[in-house]
Amino acid sequence: MQRLRELSRRVEAVYGEIAETFSSYQQRQGLQCRSGCGECCLAPTIEATVLEMLPLALHLFDQGKAEQTLDQLGQLTEPQGCFFYQKLSFDGKQGQCTVYQQRPSICRMFGAGGYRDKTGQTSLSVCKTIKGDNPAKYQQSLIMLQSEPPPLMMQSKEQVNELDYQLGNKHYPINTALQLALEQVLFKASYSFEQDNQQIA
Ligand code: SF4
């Protein structure tokens with residue numbers, strides 16, 4: 001259990017850097033998310049590794065909510081948006097993250113970030129809502145791709161996932177990744193508990 005906690009602290013340290021890097025770029029370019037928009041969180045295609053969900057799984061464990069959350073996740077019947085997204089509008093497009101401090105890597109890059117295209121050149125990915133809100137700033141950011149390159153999403157994800165190959169080598173839908181992370185935490189917790197009891201006996 002101690003090893004998972006140490007690993008989680010290292011993941012969180014990288015998360016701090018990722019959030020700072022992406023939000024600085026987005027602010028400089030004027031490509032921030034629309035206030036209260038939660039469209040990314042609604043998408044059933046968001047993925048994360050088990051490692052990326054470790055801080056959240058440990059947080060839920062420390063709050064005594066690990067088993068309950070695992071049960072609730074097990075009852076989800078079809079691919080859907082993130083379990084922790086709270087809808088605040090009828091169509092669900094307005095809402096909020098209820099686990100903001102522990103959100104995984106991908107959520108710290110929502111909105112605008114860089115990627116390598118098929119030719120290996122840096123390209124810019126911007127969500128359609130932001131593009132629609134700020135067409136001139138989007139065009140300006142494209143013009144400035146060389147002088148002001150965006151942070152690369154894949155590179156930041158790798159920065160996290162290279163901290164532990166076993167937990168960080170495979171991507172799952174976000175709710176499944178959390179399920180697997182909770183199972184890891186609960187397994188390690190019960191193992192530590194048994195070891196402690198054996199030492200006392
Ligand atoms: S963890 Fe939070 S920010 Fe990330 S998809 Fe879920 S609700 Fe959205």
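As the structure is a prediction and not an experimental result, all values here were calculated from the model.
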d(Leu56 CG, Leu60 CG) to nearest 0.5 Å is 4.5 Å
Closest non-hydrogen atoms of Asn175 and Gly81, given as atom of the first, atom of the second and distance, are ND2-O, 3.0 Å
Is there a side-chain contact between Cys107 and Tyr100, using heavy atoms and a 4.5 Å cut-off? no
* Heavy-atom side-chain contact between Tyr115 and Met154 under 4.5 Å -> no
Closest non-hydrogen contact found for Thr98 with Phe84 is OG1-O, 2.7 Å
Is the closest side-chain heavy-atom distance between Pro150 and Leu152 below 4.5 Å? no
The side chain to side chain contact (heavy atoms under 4.5 Å, CB included) partners of Ser35 (sequence neighbours excluded) come to none
Besides Leu42, the hydrophobic cluster formed by Ile, Leu, Val, Met, Phe, Trp and Tyr side chains linked at under 4.5 Å, directly or via other members, contains Tyr85
Taking atom types as modelled and ignoring hydrogens, do the side chains of Thr122 and Arg116 form a donor-acceptor contact shorter than 3.5 angstrom?
yes
Contacts satisfying salt bridge (charged side-chain N to carboxylate O under 4.0 Å, His left out) that involve residues 139-153 (not counting sequence neighbours) are Arg28-Glu148
Shortest non-hydrogen pair, Phe83 vs Gln72, comes out as CZ-OE1, 3.4 Å
Residues passing the side chain to side chain donor-acceptor pair (under 3.5 Å) test with Asp71, sequence neighbours excluded, are none
CG of Leu7 to CG of Leu167, rounded to nearest 0.5 Å, is 6.5 Å
Exercise for review: Test Glu183 against Leu186 for side-chain contact (heavy atoms from CB on, under 4.5 Å), laying out the working first.
Suggested key: CA-CA 5 Å; Glu183 283 168 4; Leu186 288 169; 6.0 Å; no
Rounded to the nearest 0.5 Å, the CD atom of Gln63 sits from the CG atom of Leu58 at a distance of 11.5 Å
Handout entry: Beyond-backbone contact of Glu12 with Gln101, side-chain heavy atoms, under 4.5 angstrom
Key = no
Sorted by chain and number, sequence neighbours left out, salt bridge (Lys or Arg N to Asp or Glu O under 4.0 Å) with Arg9 holds for Glu6
Heavy-atom nearest pair, Val11 first then Pro55, reads CG1-CG, 3.8 Å
The side chain to side chain donor-acceptor pair (under 3.5 Å) partners of Ser141 (sequence neighbours excluded) come to Gln29
With sequence neighbours left out, the residues meeting side chain to side chain donor-acceptor pair (under 3.5 Å) with Glu17 are Gln159
query = Would you call Gln27 and Gln32 a side-chain contact if the rule is heavy atoms closer than 4.5 Å?
reply = yes
Between the CG atom in Leu51 and the CZ atom in Arg10, the distance rounded to the nearest 0.5 Å is 9.5 Å
Here the salt bridge (charged side-chain N to carboxylate O under 4.0 Å, His left out) pairs for residues 89-104, sequence neighbours left out, are none
For Glu20, the side chain to side chain donor-acceptor pair (under 3.5 Å) test, sequence neighbours excluded, returns Ser24
The remaining residues in the hydrophobic cluster of Val126, counting side-chain heavy-atom contacts under 4.5 Å among Ile, Leu, Val, Met, Phe, Trp and Tyr, are Tyr25, Leu31, Leu124, Ile130, Tyr138, Leu142, Leu145
Next item on the list: For the residue pair Asn134 and Thr129, establish whether any side-chain heavy-atom pair is separated by less than 4.5 Å.
Entry: no
Interatomic distance, CZ@Phe61 vs OG@Ser8, rounded to 0.5 Å, equals 12.5 Å
So side chain to side chain donor-acceptor pair (under 3.5 Å) across residues 44-58, not counting sequence neighbours, yields Thr49-Glu52, Thr49-Asn161, Glu52-Ser105, Glu52-Lys157, Glu52-Asn161
Can you confirm whether Ser156 sits close enough to Met109 that some side-chain heavy atom of one is under 4.5 Å from a side-chain heavy atom of the other?
yes
- Message: Are Val185 and Leu54 packed together at the side-chain level, in the sense that at least one heavy-atom pair is separated by less than 4.5 angstrom?
- Response: yes
Sorted by chain and residue number, the salt bridge (Lys or Arg N to Asp or Glu O under 4.0 Å) partners of Arg5 (sequence neighbours excluded) come out as Asp62
